[in-house]
> 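This is the structure I want to talk about, given as structure tokens.
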Amino acid sequence: MNEYRTHTCGELRAEHIGQSVKLAGWIHRKRNLGNLCFIDLRDHYGITQCVFDSSSDLFDKIKDIRVESVIGIIGEVVARESVNKNMPTGDIEIKAEEVIVYSAADVLPVQVVGECNEPEELRLKYRFLDLRREVLHSNILLRCKVISEMRRLMNEQGFNEYQTPILTASSPEGARDFLVPSRLNPGKFYALPQSPQQFKQLLMVSGFDRYFQIAPCFRDEDPRADRSPGEFYQLDMEMSFATQEDVMKVIEHTMGTIFNEFAFGRSVSQAPFMHIPFRESMLKYGSDKPDLRNPLIIADATPFFNNSGFGVYDAKVANGEQIRAIKAPNAGNKPRSFFDKFDAYAKEQGMGGMAYVAFADGGAKGVAKFFSEEKLAELKQTFDVKDGDAVFFMGGAKKVINKFAGVVRNMIGEALDLFDKKSIKLCWIVDFPFYEENEETGAVEFSHNPFSMPQGGLEALNTKNPLDILAYQFDLVCNGVELASGAVRNHSPEVMYRAFEIAGYEHSVVDNKFGGLVTAFRYGAPPHAGCAPGIDRTVMLILDEPIIRNVILFPLNGKAQDLMMQAPNTVTEEQIKELHIDLKL
RNA sequence: GGGGGUGUAGUUCAGUUGGUUAGAACGCUGCCCUGUCACGGCAGAGGUCGCGAGUUCGAGUCUCGUCGCUCCCGCCA
């Protein structure tokens, strides 16, 4: 190939025996038998065993060099005396004739070979060593392939990739901004974009028709296991003269193809993905991001507890509370302790307790004794329960019961091992409410994104109860993870002013905060719609990787610090002065 | 901002009811070893038990405080 190597460490096979080759890479492992030394040489492509004999003067040269040093080896490809069937290159080895040490390694602070259970702090500080590990290295490579596929699929569907600004204006909606002080404009700040939302809409107004971008997004919020602090990437897309269905089709094709290509033996939901209206999702799954690998569905049992005989729940209903039922298939024979565990959980969560009826061997346990024969038969019919099944009942205030039932649904699914772990289940959550009521003040607020179009347009805004208006707003959900958010945008200044007015904002507020966008809409704006699937999360789902940092090259830690680059850091007084900033710590 | 978990050698961990000199594995250093592939064998170095106070004749172990990390809630398209 060149002066450093003729082959990579992954490509030599039996057919190369007899050839003189040159390899370069890291010393993965070293086995010194005294008068014979084996070195496993590793590079991006694989591992090749090299052998050194004490009869050669090379032996002294490599005897003292540590693992992870970078060396080059010239030698002959020979057949191994003992073949290693576990290695792709296991038929051959390199009989070393010359060694070049390019870079000797110090004693390592973290091990590159073997299990990876060092503290994450150390791994992040020495990320370049961590990234040499097989798992992390291949995670990152898979991420590259996913992004490459995204670009190919979007291009294929007529989308072009455009770069939008990184230094932009702070936007009042949504997350906390990262601010950048302006040297040329004393006292003023740029913000890093939380997403290219306004720019991609402006691109539509500029007539570009179909936009996408592998877009960096910045948000100054606290992290989670599936939420990296600081920055993340999304496949941002927008299209003109398009409906909700048009956007869904593009995303279904793009994400569906990617999940199918990287399914690794799992089954994948095929397009079109199931549509679940928001309110139905909250009732049936107790969440707006349901994990459909769990087959359980929550039922509204409120009507059932109308003089049912079970006084505690009848009273709850009379009190305005709601009851939910979750069937536990084939759990009728479970011991008392199984059911008590859930009851204890409900008590711990301040939900009173959890009643159950378990049907087994023709009998019924739990709170069955409160029900008449007829009521018990009605129960079986209403909640589709057979002999051998059980059903849980839980009650609570309207605001909390759905979410609680959603957690219990997952707990029961886990306890009975009902999750279809060998599947990737995708669905759309649609018909999000446009507004919601602030629980404390009672005021009407935007529930999601104020840029989306209310269903029914201006007429709906003028005639309907705001809390009944739905938005052309939709989420793509995969295995219980919110993967993407999309919307038909509001491209009409008139509708936008009215929408903000209902949420209590004057026209001037709209003009001030979204002036660029609203002005643009006055000069000919096409109807448009778009969506933005998260890339980090997509890769996590493909790899079934619970920690987002394991799909990111150089992630920040929980305090949004880069332990390797030591960012954030103090800067010189001069720099501060130049930015017209006065620090008060 | 709130709650849970956690902190012992470079790393992963063990450490009994509070009791003599705090152990093991990996890694590191030295010696031996010509077919290993997690090579093996022998020897060795390496510790303010996160930090501070308290109880006690005696604290890695009990109590209080504090700090770091991590997970969750709040927050977050």
Side-chain angles (χ1 to χ4, degrees), chain A residues 28-42 47-56 59 63-64 66-68 78-87 89-90 93 95 105-126 129 171 173-177 193-197 215 217-230 232 234-236 288-289 348-349 403 407 429 432 446-452 473-477 481-487 530-534 537 546-549 557-559 561 563:
Chain A
H28 187 66
R29 277 208 176 87
K30 207 169 94 176
R31 294 176 293 279
N32 188 348
L33 277 61
N35 288 304
L36 187 69
C37 183
F38 297 96
I39 281 182
D40 290 340
L41 195 66
R42 183 195 73 235
I47 294 177
T48 300
Q49 176 168 286
C50 305
V51 59
F52 295 77
D53 197 294
S54 64
S55 60
S56 112
F59 199 84
K63 201 172 53 148
D64 293 321
R66 288 197 192 89
V67 290
E68 294 306 316
V78 298
R80 285 207 197 180
E81 279 184 28
S82 49
V83 165
N84 186 339
K85 291 201 171 67
N86 298 320
M87 290 173 78
T89 61
E93 64 191 3
K95 194 166 165 25
D106 281 347
V107 174
L108 301 172
V110 292
Q111 299 307 304
V112 169
V113 176
E115 293 276 317
C116 136
N117 40 16
E118 275 94 355
E120 203 167 17
E121 231 179 318
L122 262 188
R123 292 176 50 207
L124 290 174
K125 185 169 177 188
Y126 299 97
L129 292 177
S171 113
E173 288 294 323
R176 196 177 291 118
D177 282 317
Q194 294 182 23
S195 86
Q197 180 69 31
C217 304
F218 306 90
R219 286 172 199 164
D220 187 6
E221 295 295 347
D222 288 356
R224 289 286 183 276
D226 64 348
R227 201 168 79 202
S228 194
F232 64 95
Q234 59 188 29
L235 169 59
D236 199 41
D288 61 355
K289 41 184 182 188
E348 182 192 311
Q349 294 297 307
K403 205 175 164 194
V407 173
I429 307 299
F432 281 86
F446 289 112
S447 61
H448 286 82
N449 166 349
F451 300 108
S452 63
Q473 167 94 35
F474 47 96
D475 281 3
L476 178 63
V477 172
V481 174
E482 180 192 316
L483 198 54
S485 230
C531 189
R537 285 187 181 172
I547 310 283
I548 200 162
R549 293 180 292 278
N557 73 357
K559 273 191 146 178
Q561 299 162 329
L563 298 175

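Quick note on labels: first sequence line is chain A, next is B, and so on, each numbered from 1.
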> What I want to check is whether an N or O donor and acceptor connect the side chain of A:Arg219 with the base of B:C75 at under 3.5 Å.
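When only heavy-atom distances are counted, A:Arg219 does not reach the base of B:C75 through any donor-acceptor pair under 3.5 Å.
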> Is a donor-acceptor contact shorter than 3.5 angstrom present between the side chain of A:Asn84 and the base of B:C37?
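Counting by modelled atom types and ignoring angles, a donor-acceptor contact under 3.5 Å is found here.
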> Look at A:Arg31 together with A:Asp40 and state whether they make a salt bridge at an N to O cut-off of under 4.0 Å.
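Looking at A:Asp40 together with A:Arg31, the answer is yes, because their closest N to O distance falls below 4.0 Å.
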> NA contact type, A:Asn86, heavy-atom cut-off 4.0 Å: base, sugar-phosphate, or nothing?
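Nothing, no heavy atom under 4.0 Å.
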> Looking across every strand, which nucleic acid part, if any, lies under 4.0 Å from A:Glu121 by heavy atom: base, sugar-phosphate, or nothing?
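Sugar-phosphate, backbone atoms only, no base.
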> Does this structure show an ion pair linking A:Glu68 with A:Arg42, if we count only N-O contacts that are shorter than 4.0 Å?
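Salt bridge flag = yes for A:Arg42 with A:Glu68.
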> Answer with base, sugar-phosphate or nothing: what part of the nucleic acid does A:Glu68 contact at a heavy-atom distance below 4.0 Å?
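No contact at all - A:Glu68 keeps every heavy atom at 4.0 Å or more from the nucleic acid.
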> Using the closest heavy atom to pick a nucleotide of RNA chain B for each, name whichever of A:Glu81 or A:Asn32 lands nearer the 5' end.
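Checking each residue's closest nucleotide, the 5'-ward one belongs to A:Glu81.
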> For A:Gln349 and B:G3, what is the distance between atoms CD and P respectively, to the nearest whole Å?
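Distance, rounded to whole Å: 16 Å.
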> So what does A:Gln197 hit on the nucleic acid, given a heavy-atom distance under 4.0 Å: a base, only sugar-phosphate, or nothing?
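If one applies the 4.0 Å heavy-atom cut-off, A:Gln197 turns out to touch nothing in the nucleic acid.
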> B:C72, B:U34, B:C76: which one has an atom nearest the side-chain heavy atoms of A:Arg227?
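In terms of side-chain proximity for A:Arg227, the closest of B:C72, B:U34, B:C76 is B:C76.
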> Nearest to the side chain of A:Asp40, heavy atoms from C-beta on, is which of B:A38, B:C37, B:U29?
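Of all the options, the side chain of A:Asp40 is nearest to B:C37.
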> Base, sugar-phosphate or nothing for A:Arg80? Non-hydrogen atoms, less than 4.0 Å.
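Answer is base: heavy atoms of A:Arg80 come under 4.0 Å of a base.
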